[in-house]
Amino acid sequence: GGGGGGGGLGKNSQQGGGGGLLGDARRLYKAALEADPEFVPTMHAWGRLESRAGNLRLALTLLQRGLDLEPLNTRLISGMAILKSSMGRHGDALELLERGLRAPSGYGNKARAAPYTHPDLLLAKALVEFKAGNVGESRAVLRGLAPRSAAAALALARLEELSGNADLARLCYKAACSSGRDPTHFKQKGGRQASGAGKRPPGNTAAGAAAGTAA
(Lines give C-alpha, C1' and ligand atoms only; values in the text may rest on other atoms or scores of the structure.)
Protein backbone atom coordinates (compact mmCIF):
# COMPACT_ATOMS: atom_id res chain seq x y z
CA GLY A 1 0.00 0.00 0.00
CA GLY A 2 0.97 3.65 -0.17
CA GLY A 3 0.24 4.65 3.43
CA GLY A 4 2.62 5.57 6.15
CA GLY A 5 3.36 9.14 5.11
CA GLY A 6 6.76 10.35 3.99
CA GLY A 7 8.54 9.54 7.23
CA GLY A 8 9.89 6.21 6.01
CA LEU A 9 11.73 8.03 3.24
CA GLY A 10 13.28 10.64 5.50
CA LYS A 11 16.72 9.06 5.90
CA ASN A 12 17.18 8.04 2.28
CA SER A 13 15.85 11.33 0.99
CA GLN A 14 18.98 13.05 2.22
CA GLN A 15 21.24 10.99 -0.03
CA GLY A 16 23.33 13.19 -2.27
CA GLY A 17 23.18 16.12 0.20
CA GLY A 18 20.32 17.87 1.89
CA GLY A 19 21.25 21.46 1.10
CA GLY A 20 20.47 23.90 -1.68
CA LEU A 21 17.55 23.68 -4.06
CA LEU A 22 17.71 19.88 -4.15
CA GLY A 23 17.42 19.67 -0.38
CA ASP A 24 14.57 22.19 -0.38
CA ALA A 25 12.72 20.15 -3.00
CA ARG A 26 13.16 16.96 -0.99
CA ARG A 27 11.81 18.57 2.15
CA LEU A 28 8.77 19.88 0.28
CA TYR A 29 8.06 16.50 -1.32
CA LYS A 30 8.44 14.78 2.04
CA ALA A 31 6.03 17.25 3.64
CA ALA A 32 3.57 16.77 0.78
CA LEU A 33 3.57 12.99 1.26
CA GLU A 34 3.14 13.36 4.99
CA ALA A 35 0.08 15.54 4.30
CA ASP A 36 -1.32 13.12 1.71
CA PRO A 37 0.43 9.72 1.72
CA GLU A 38 -1.52 8.51 -1.31
CA PHE A 39 -1.02 11.46 -3.67
CA VAL A 40 0.64 9.67 -6.58
CA PRO A 41 1.80 12.77 -8.54
CA THR A 42 4.07 13.63 -5.61
CA MET A 43 5.65 10.18 -5.74
CA HIS A 44 6.16 10.49 -9.49
CA ALA A 45 7.68 13.96 -9.31
CA TRP A 46 9.93 13.12 -6.35
CA GLY A 47 11.00 9.90 -8.03
CA ARG A 48 12.00 11.79 -11.18
CA LEU A 49 13.98 14.26 -9.05
CA GLU A 50 15.92 11.49 -7.33
CA SER A 51 16.52 9.68 -10.61
CA ARG A 52 18.06 12.80 -12.12
CA ALA A 53 20.12 13.30 -8.96
CA GLY A 54 21.49 9.76 -9.28
CA ASN A 55 19.67 8.34 -6.25
CA LEU A 56 18.24 5.44 -8.21
CA ARG A 57 17.22 3.22 -5.31
CA LEU A 58 15.16 5.96 -3.71
CA ALA A 59 13.65 6.81 -7.10
CA LEU A 60 12.75 3.14 -7.53
CA THR A 61 11.07 3.08 -4.11
CA LEU A 62 9.01 6.18 -4.86
CA LEU A 63 7.86 5.04 -8.30
CA GLN A 64 6.99 1.58 -7.00
CA ARG A 65 4.97 3.12 -4.23
CA GLY A 66 3.00 5.04 -6.84
CA LEU A 67 2.49 1.92 -8.95
CA ASP A 68 1.16 0.04 -5.95
CA LEU A 69 -1.60 2.64 -5.80
CA GLU A 70 -2.12 3.20 -9.54
CA PRO A 71 -0.92 0.15 -11.50
CA LEU A 72 -2.34 1.51 -14.79
CA ASN A 73 -0.54 4.87 -14.57
CA THR A 74 1.47 5.08 -17.80
CA ARG A 75 3.76 7.82 -16.53
CA LEU A 76 4.79 5.61 -13.64
CA ILE A 77 5.13 2.50 -15.82
CA SER A 78 7.29 4.23 -18.43
CA GLY A 79 9.32 6.07 -15.79
CA MET A 80 9.94 2.88 -13.83
CA ALA A 81 10.90 0.97 -16.98
CA ILE A 82 13.41 3.61 -18.07
CA LEU A 83 14.82 3.76 -14.55
CA LYS A 84 15.27 -0.02 -14.39
CA SER A 85 16.89 0.01 -17.82
CA SER A 86 19.33 2.70 -16.67
CA MET A 87 20.29 0.31 -13.86
CA GLY A 88 21.01 -2.42 -16.42
CA ARG A 89 17.78 -4.29 -15.68
CA HIS A 90 16.57 -4.27 -19.28
CA GLY A 91 14.63 -7.53 -18.96
CA ASP A 92 12.68 -6.27 -15.94
CA ALA A 93 11.99 -3.01 -17.77
CA LEU A 94 10.65 -4.76 -20.87
CA GLU A 95 8.52 -7.11 -18.77
CA LEU A 96 6.95 -4.15 -16.98
CA LEU A 97 6.25 -2.38 -20.27
CA GLU A 98 4.77 -5.54 -21.75
CA ARG A 99 2.37 -5.82 -18.82
CA GLY A 100 1.41 -2.20 -19.26
CA LEU A 101 0.92 -2.53 -22.99
CA ARG A 102 -1.26 -5.62 -22.64
CA ALA A 103 -3.82 -3.81 -20.49
CA PRO A 104 -5.88 -0.74 -21.39
CA SER A 105 -3.98 2.06 -19.70
CA GLY A 106 -3.95 5.77 -19.01
CA TYR A 107 -3.14 8.30 -16.30
CA GLY A 108 -4.29 7.40 -12.84
CA ASN A 109 -6.51 4.32 -12.89
CA LYS A 110 -8.66 5.41 -15.84
CA ALA A 111 -8.21 3.28 -18.95
CA ARG A 112 -7.89 5.60 -21.96
CA ALA A 113 -5.91 3.63 -24.54
CA ALA A 114 -6.50 0.24 -26.12
CA PRO A 115 -3.85 -2.46 -25.57
CA TYR A 116 -0.57 -2.00 -27.46
CA THR A 117 -1.44 1.53 -28.57
CA HIS A 118 -0.37 3.88 -25.78
CA PRO A 119 2.34 6.21 -27.17
CA ASP A 120 4.16 6.80 -23.87
CA LEU A 121 4.60 3.09 -23.25
CA LEU A 122 5.61 2.37 -26.85
CA LEU A 123 8.13 5.20 -26.78
CA ALA A 124 9.58 3.86 -23.54
CA LYS A 125 9.74 0.38 -25.07
CA ALA A 126 11.70 1.73 -28.04
CA LEU A 127 14.17 3.42 -25.69
CA VAL A 128 14.64 0.33 -23.53
CA GLU A 129 15.02 -1.97 -26.54
CA PHE A 130 17.74 0.30 -27.89
CA LYS A 131 19.55 0.50 -24.57
CA ALA A 132 19.40 -3.30 -24.40
CA GLY A 133 21.10 -3.49 -27.80
CA ASN A 134 17.96 -4.48 -29.71
CA VAL A 135 18.21 -1.79 -32.38
CA GLY A 136 15.98 -3.60 -34.85
CA GLU A 137 13.19 -3.93 -32.29
CA SER A 138 13.54 -0.28 -31.35
CA ARG A 139 13.36 0.76 -35.00
CA ALA A 140 10.24 -1.36 -35.59
CA VAL A 141 8.42 0.19 -32.63
CA LEU A 142 9.36 3.72 -33.66
CA ARG A 143 8.34 3.18 -37.28
CA GLY A 144 4.91 2.05 -36.17
CA LEU A 145 4.51 5.00 -33.82
CA ALA A 146 6.14 7.80 -35.84
CA PRO A 147 3.13 8.64 -38.06
CA ARG A 148 1.18 9.75 -34.98
CA SER A 149 3.96 10.94 -32.69
CA ALA A 150 6.48 13.74 -33.23
CA ALA A 151 8.56 12.32 -30.39
CA ALA A 152 8.78 8.94 -32.11
CA ALA A 153 9.62 10.55 -35.46
CA LEU A 154 12.42 12.49 -33.79
CA ALA A 155 13.72 9.42 -31.99
CA LEU A 156 13.63 7.43 -35.23
CA ALA A 157 15.52 10.22 -36.99
CA ARG A 158 18.18 10.05 -34.30
CA LEU A 159 18.38 6.25 -34.59
CA GLU A 160 18.83 6.40 -38.37
CA GLU A 161 21.38 9.20 -38.08
CA LEU A 162 23.48 7.22 -35.63
CA SER A 163 23.14 4.14 -37.82
CA GLY A 164 24.58 6.03 -40.79
CA ASN A 165 21.30 6.25 -42.72
CA ALA A 166 21.45 9.97 -43.50
CA ASP A 167 18.65 10.06 -46.07
CA LEU A 168 16.22 8.23 -43.81
CA ALA A 169 17.21 10.42 -40.89
CA ARG A 170 16.53 13.54 -42.95
CA LEU A 171 13.05 12.31 -43.83
CA CYS A 172 12.27 11.52 -40.18
CA TYR A 173 13.50 14.92 -38.98
CA LYS A 174 11.29 16.54 -41.61
CA ALA A 175 8.30 14.48 -40.46
CA ALA A 176 8.91 15.46 -36.83
CA CYS A 177 9.13 19.16 -37.68
CA SER A 178 6.05 19.15 -39.93
CA SER A 179 3.83 17.43 -37.38
CA GLY A 180 2.65 20.71 -35.90
CA ARG A 181 4.49 20.06 -32.63
CA ASP A 182 7.85 21.50 -31.66
CA PRO A 183 10.23 18.54 -31.24
CA THR A 184 13.17 20.58 -29.97
CA HIS A 185 12.26 20.08 -26.29
CA PHE A 186 13.22 16.41 -26.31
CA LYS A 187 16.35 15.90 -24.25
CA GLN A 188 19.55 14.47 -25.66
CA LYS A 189 22.28 13.53 -23.21
CA GLY A 190 25.97 13.41 -24.08
CA GLY A 191 27.62 10.19 -25.11
CA ARG A 192 29.36 8.26 -27.89
CA GLN A 193 27.69 7.42 -31.17
CA ALA A 194 26.44 3.92 -31.83
CA SER A 195 28.12 2.06 -34.64
CA GLY A 196 25.83 -0.92 -35.21
CA ALA A 197 22.94 -3.05 -34.09
CA GLY A 198 25.09 -5.66 -32.40
CA LYS A 199 26.76 -3.32 -29.91
CA ARG A 200 25.59 -1.96 -26.59
CA PRO A 201 24.22 1.54 -27.25
CA PRO A 202 25.50 4.62 -25.38
CA GLY A 203 23.40 7.13 -23.47
CA ASN A 204 22.91 9.61 -26.35
CA THR A 205 21.42 7.13 -28.78
CA ALA A 206 18.51 6.37 -31.01
CA ALA A 207 15.42 6.57 -28.87
CA GLY A 208 17.25 8.69 -26.31
CA ALA A 209 15.31 11.67 -27.57
CA ALA A 210 12.21 10.04 -26.17
CA ALA A 211 13.46 9.87 -22.61
CA GLY A 212 12.25 13.31 -21.69
CA THR A 213 8.66 12.44 -22.41
CA ALA A 214 8.64 8.82 -21.38
CA ALA A 215 9.99 9.31 -17.93
Side-chain angles (χ1 to χ4, degrees), residues 2 40-52 56 59-159 172 175-176 179 181 183 185-189 201 203 205-215:
V40 171
T42 300
M43 301 169 200
H44 177 247
W46 190 0
R48 290 187 66 187
L49 175 80
E50 296 298 348
S51 178
R52 290 171 177 172
L56 303 187
L60 203 67
T61 298
L62 288 159
L63 294 181
Q64 184 59 59
R65 190 166 158 184
L67 279 172
D68 288 343
L69 291 166
E70 294 186 2
L72 298 180
N73 189 309
T74 54
R75 289 179 176 174
L76 291 171
I77 293 171
S78 58
M80 176 71 91
I82 291 171
L83 178 59
K84 287 186 174 183
S85 184
S86 71
M87 300 170 75
R89 297 168 58 182
H90 306 304
D92 289 346
L94 290 171
E95 182 180 346
L96 175 62
L97 287 167
E98 180 66 18
R99 288 203 307 269
L101 283 165
R102 279 200 304 265
S105 55
Y107 298 123
N109 277 319
K110 290 187 177 181
R112 300 181 183 177
Y116 290 97
T117 63
H118 200 286
D120 286 356
L121 298 182
L122 289 170
L123 206 53
K125 177 176 171 61
L127 172 61
V128 173
E129 292 283 14
F130 196 91
K131 292 178 73 173
N134 304 324
V135 179
E137 290 290 336
S138 178
R139 179 183 281 115
V141 172
L142 291 173
R143 283 180 175 173
L145 185 59
R148 59 190 176 96
S149 168
L154 180 63
L156 181 58
R158 185 65 175 149
L159 183 151
C172 294
S179 67
R181 296 176 57 193
H185 67 281
F186 298 111
K187 299 179 181 179
Q188 304 223 2
K189 299 179 181 179
T205 53
T213 56

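Counting begins at 1 with the first residue of the sequence.
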remark   = In terms of heavy-atom contacts, A176 and A150 come closest through CB-O, 3.9 Å
key: Any S86 side-chain heavy atom under 4.5 Å of K131 side chain   = yes
ask   = Between atom CH2 of W46 and atom CZ of R65, what is the distance when rounded to the nearest 0.5 Å?
value = 8.0 Å
request  = List the atom of V128, the atom of A93, and the distance in Å for their closest heavy-atom pair.
outcome  = CG1-CB, 3.8 Å
query = How long is the span from the CD1 atom in I82 to the CG atom in L127, to the nearest 0.5 Å?
reply = 5.0 Å
V40 to G66 - nearest heavy-atom pair and separation = CG2-O, 4.1 Å
ask   = Does the side chain of L101 reach to within under 4.5 Å of the side chain of T117, using non-hydrogen atoms?
value = no
ask   = Judged by atom type as modelled, is there a donor-acceptor pair below 3.5 Å linking the side chain of S138 to the main-chain atoms of V135?
value = no
request  = Give the minimum heavy-atom separation between L123 and A151, together with the two atoms involved.
outcome  = CD2-CB, 3.6 Å
ask   = Shortest non-hydrogen contact from A103 to L72?
value = CB-CD2, 4.4 Å
task = Kindly compute the distance separating CZ (F130) from NZ (K125), expressed to the nearest 0.5 Å.
result = 15.0 Å
message = If you apply the rule side-chain contact (heavy atoms from CB on, under 4.5 Å), what do you find for L60 with Q64, and how did you get there?
response = CA-CA 6 Å; L60 203 67; Q64 184 59 59; 5.7 Å; no
request  = Scan side-chain atoms only and decide if E70 and N73 contain a donor-acceptor pair under the 3.5 Å cut-off.
outcome  = yes
message = Rounded to the nearest 0.5 Å, what separates atom CG in L97 from atom CE in M80?
response = 11.0 Å
ask   = Quick one: does L69's side chain get under 4.5 Å of M43's, heavy atoms only?
value = yes
From CG (L122) to CZ (R148), nearest 0.5 Å = 6.0 Å
ask   = Do the side chain of S149 and the main chain of A146 share a donor and acceptor less than 3.5 angstrom apart?
value = no
inquiry  = Give me the atom names and distance for the closest heavy-atom approach of P71 to I77.
reply    = O-CD1, 3.5 Å
Inter-residue atom distance L154.CG - L159.CG, 0.5 Å rounding = 11.5 Å
